[in-house]
Amino acid sequence: MSELEEAVLADASAAELLACPVPDRLRAAHLRRADADLFDGEDDPDVRRSLHVGEVPMPHLAPDEVLLAVMASSVNFNTVWSATFRPVPTFAFLARLGRQDDWGARHDQPHHVVGSDASGVVVRVGAGVRRWAVGDRVVVAPAYVDSEDPHTHADAMTGDQRAWGFETNFGGLADFAVVKASQLLPKPEHLTWEEAASTTLCAATAYRMLVSSRGAVMKQGDVVLIWGAAGGLGGFAVQLVLAGGGIPVAVVGSAAKAELMGRLGCRHVVNRAALPAGIRDPATWRALGKQIRATAGEDPHIVFEYTGEETFGASVYLARTGGTVVTCGSSSGYEHRYDNRYLWMRLKRIVGSHGANYQEAWEVNRLIGLGRINPTLSSVYSLDEVGEATRAVQLNQHVGKVGVLCLAPKPGLGVEDPARRDEDRLALFRTAD
Ligand SMILES: NC(=O)c1ccc[n+]([C@@H]2O[C@H](COP(=O)([O-])OP(=O)(O)OC[C@H]3O[C@@H](n4cnc5c(N)ncnc54)[C@H](OP(=O)(O)O)[C@@H]3O)[C@@H](O)[C@H]2O)c1
């Protein structure tokens, strides 16, 4: 372990951290460009074969960036996409960024350090960083935005932006990460490193989809149908709906997950495993509509979508007249089919949503800091086990979020304000796994 890593673990002061040299190499979970055709023609692209953990060279810092000593990270579904090289190898994104300028060229490497969430300690700041300092304890918002693009000033997500650790290199599943200062958020003081690292990407994405003026603009009393409600996005969506005075209707894939939703405070739960036929079948849409009206009393104002091809026809059907289907993904396939008569005759809207801008990420981090929204951490792996951690998400064997310890030597560290911990709420998904 380097002197700098030892100093971070010993809670060293900013001056002591600055006195330690930055090591030349770092341990990181990474993909190899040479593996990009590894799974060609295979039905089960097992991410344990493509995710490697080993040393890669330490990148240098641009003036608007910080070097973060990563205490913990978590698995997002984008690491399943990148580690399967589908729908396209992420090396294509790195090559495009590499053509931008000299700073972009750093990203175009034969290895891709992945991961889009992190908690940790700032150990170096670039010359242009003003609001953050060495020693700050932070979490990372995943939108990597070029603030020189004028469009980003209306809404960063409609401008030149990339998903950090997916469309950029030097992501969070590593002992050190390179992050723009405009991605940093204060770490909520009552959370452990691994709890804090399991929130930002999914919570901020769900916040934009449901609450933001750029998403479905949920109001008090709205009925919100949430597919995959016990998953990464879903666990935050349910909490945001409850916290905002809405009525969540959770769809989950097992009786155990249905029970978890009840403990989270969700009174209306559908177990999709118990539906009489497949979700693509219009007879199922009608049965589901009946079930939702019977339990929640009305059709959904909002349908929270990312499940894609499998569910999209049902989502467009199930939203009430004038309602909104908000989507940020296509887990089961991106060539959606739906009956357009239900959309236009009933004046529904489909809203595309992607990630979250810095302000939206800041707002949801504030809610997490206030304890209104809780992490949904269910299990914790070491960085060396990142293949197993990602495989669990690939196979839908998890609930909530799967954490990964990087520099943190064991779970449970990093809490500065233990009095504000609601241990029962924080353990809800752990005991369900
Ligand atoms: N654009 C963005 O900014 C953004 C951000 C985050 C995530 N995403 C995308 O959103 C998707 C979900 O991410 P996540 O982190 O929430 O993943 P996750 O933790 O794996 O959760 C997904 C949930 O989907 C449900 N599901 C899986 N297959 C389904 C099917 N055929 N029909 C209905 N439900 C199904 C599962 O729940 P049950 O089995 O219990 O039903 C699972 O819990 C991924 O495709 C990801 O890439 C996009």
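Source: prediction; values computed, not measured. Residue indices begin at 1 and follow the sequence shown. All ligand and atom numbering here is 1-based and tracks the order in the structure.
Proximity annotation for atom 12 (C) of ligand 1: of Y306, F166, W227, F77, Y306 comes nearest, heavy atoms only. Nearest-residue assignment for atom 30 (C) of ligand 1 (options R272, Q394, M157, K257; heavy-atom criterion): R272. Remark: among candidates G232, C328, A250, the nearest residue to atom 4 (C) of ligand 1 is C328, based on non-hydrogen atoms.
The proximity of H354 to ligand 1, defined as any non-hydrogen pair under 4.0 Å, involves the side chain as well as the backbone. Of all the heavy atoms of T307, the ones lying under 4.0 Å from any atom of ligand 1 belong exclusively to the side chain. With a heavy-atom cut-off of 4.0 Å, S254 does not touch ligand 1 at all. Using a 4.0 Å cut-off between heavy atoms, V399 makes no contact with ligand 1 at all.
Regarding atom 31 (N) of ligand 1, its nearest protein heavy-atom neighbour is E310 CG, 3.6 Å. In this structure, atom 47 (O) of ligand 1 lies nearest to the protein heavy atom W81 NE1, 2.9 Å.
Put simply, the side chain of W285 gets close to the backbone of I279: a donor and an acceptor are under 3.5 Å apart. For the pair R99 (side chain) and A105 (backbone), a donor-acceptor distance under 3.5 Å is absent. Judged by distance alone, the side chain of R27 and the main-chain N or O of C406 form a donor-acceptor pair under 3.5 Å.
The closest approach between a heavy atom of N76 and any atom of ligand 1 is not below 4.0 Å. Heavy-atom separations between V80 and ligand 1 are all 4.0 Å or longer. Residue H398 places a heavy atom under 4.0 Å from ligand 1.
Within a 6.0 Å radius of NE2 in H151, other residues, nucleotides and ligands contribute 12 heavy atoms or fewer.
Shown here for H111 and N169, the closest heavy-atom pair between the two residues is O-ND2, 2.9 Å.
Each of R320, K290, R293 was checked for a salt bridge (Lys or Arg N to Asp or Glu O under 4.0 Å) with D299, and the lone residue meeting it is R293.
In terms of polar-atom proximity, defined here as any N/O pair under 3.5 Å, G234 makes no such contact with ligand 1.
Every atom of ligand 1 is numbered from 1 in the order shown, and the set under 4.0 Å from a heavy atom of V252 is 40 (O), 41 (O).
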